[in-house]
Amino acid sequence: MDSISWDPQVAAFLEAALGAEVFARMRAALCVPPLSTCLRVNTLKCTVQDVMQQLHSVAKSSQPAPGVSTHPQLPVALLLKGTGPNHIDPAACSVSMEVVISRRAGEAVLRGAQVFVPGVLACSAGLAAGDRVAVTVAVGAQGRYAIMTGATSPPANCPYFCMYQPLL
């Protein structure tokens, strides 16, 4: 499903240059988030093994735990494996609470990130830790939103639900 808005001249040029079939596959591929994230480690502050160990300890509390490995070509980088594509039935997510997040936060959530406070634009009144919520992304022009998923707000002691907390 192609949900990227293309400038008509750019789309026509790429279709002519690549061919209709290749351009259609490229458009479809650009709509799917990558399944892995690369994390560079500042080796002046800590070692790659320290960060890997800390990521494993944080991941023990999440289900399922993401795969963390060293990058095959970059010794100072780690790869975090994701899952997907995950299909979510909006009808099955009968929730009364909602959290509206920014477009950038929505893109990060699609890659497996947690929602951090700076990405939250609005939320339902009375939201408490552990409540099931509908996550909605503000995708552009005023009043344009897209519902992403049903989720559970994190417990009060969740290390992800904070303003800014570095791993090390």
Asks: Could you check whether any side-chain heavy atom of I101 comes within less than 4.5 Å of a side-chain heavy atom of T136, counting everything from C-beta outward?
Replies: no
Asks: Give every donor-acceptor pair under 3.5 Å between a side-chain atom in residues 19-26 and any protein atom, sequence neighbours left out.
Replies:
residue, atom, partner, partner atom, Å
E21, OE2, R25, NH1, 3.2

Asks: What pairs with A12 under side-chain contact (heavy atoms from CB on, under 4.5 Å), at least two apart in sequence or on another chain?
Replies: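 Per chain and number, A12 pairs via side-chain contact (heavy atoms from CB on, under 4.5 Å) with no residue.
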Asks: Using the test side chain to side chain donor-acceptor pair (under 3.5 Å), find all partners of Q73 that sit at least two apart in sequence or belong to another chain.
Replies: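 Q73 satisfies side chain to side chain donor-acceptor pair (under 3.5 Å) with no residue once adjacent residues are dropped.
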Asks: Return the set of residues passing side chain to side chain donor-acceptor pair (under 3.5 Å) with R104 (not counting sequence neighbours), or none when no residue passes.
Replies: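 By the side chain to side chain donor-acceptor pair (under 3.5 Å) rule, R104 matches no residue at all.
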Asks: Report the distance from atom CH2 of W6 to atom CG of L30, rounding to the nearest 0.5 Å.
Replies: 5.5 Å
Asks: Mind running side-chain contact (heavy atoms from CB on, under 4.5 Å) on L39 and L55 for me, showing each step along the way?
Replies: CA-CA 11 Å; L39 177 72; L55 286 171; 3.9 Å; yes
Asks: Give me the atom names and distance for the closest heavy-atom approach of V137 to S102.
Replies: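 Nearest pair, atom of V137 first, then S102: CG1-O, 3.7 Å.
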Asks: With rounding to the nearest 0.5 Å, note down the distance linking CG in L79 to CG in L74.
Replies: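 That separation rounds to 8.5 Å.
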Asks: Donor-acceptor pairs under 3.5 angstrom involving side-chain atoms of residues 117-125: please list them, not counting sequence neighbours.
Replies:
residue, atom, partner, partner atom, Å
S124, OG, E98, N, 2.7
S124, OG, E98, O, 3.3

Asks: Checking side-chain contact (heavy atoms from CB on, under 4.5 Å) for the pair S69/L78: CA distance, chi angles, key distance, verdict?
Replies: CA-CA 6 Å; S69 61; L78 296 173; over 6 Å; no
Asks: Going by heavy atoms in the side chains, are V41 and C46 under 4.5 Å from each other?
Replies: yes
Asks: Rounded to the nearest 0.5 Å, what separates atom CG in L14 from atom CD in Q9?
Replies: 12.0 Å
Asks: Compare all side-chain heavy atoms of V51 with those of N42 and state whether any distance is below 4.5 angstrom.
Replies: no
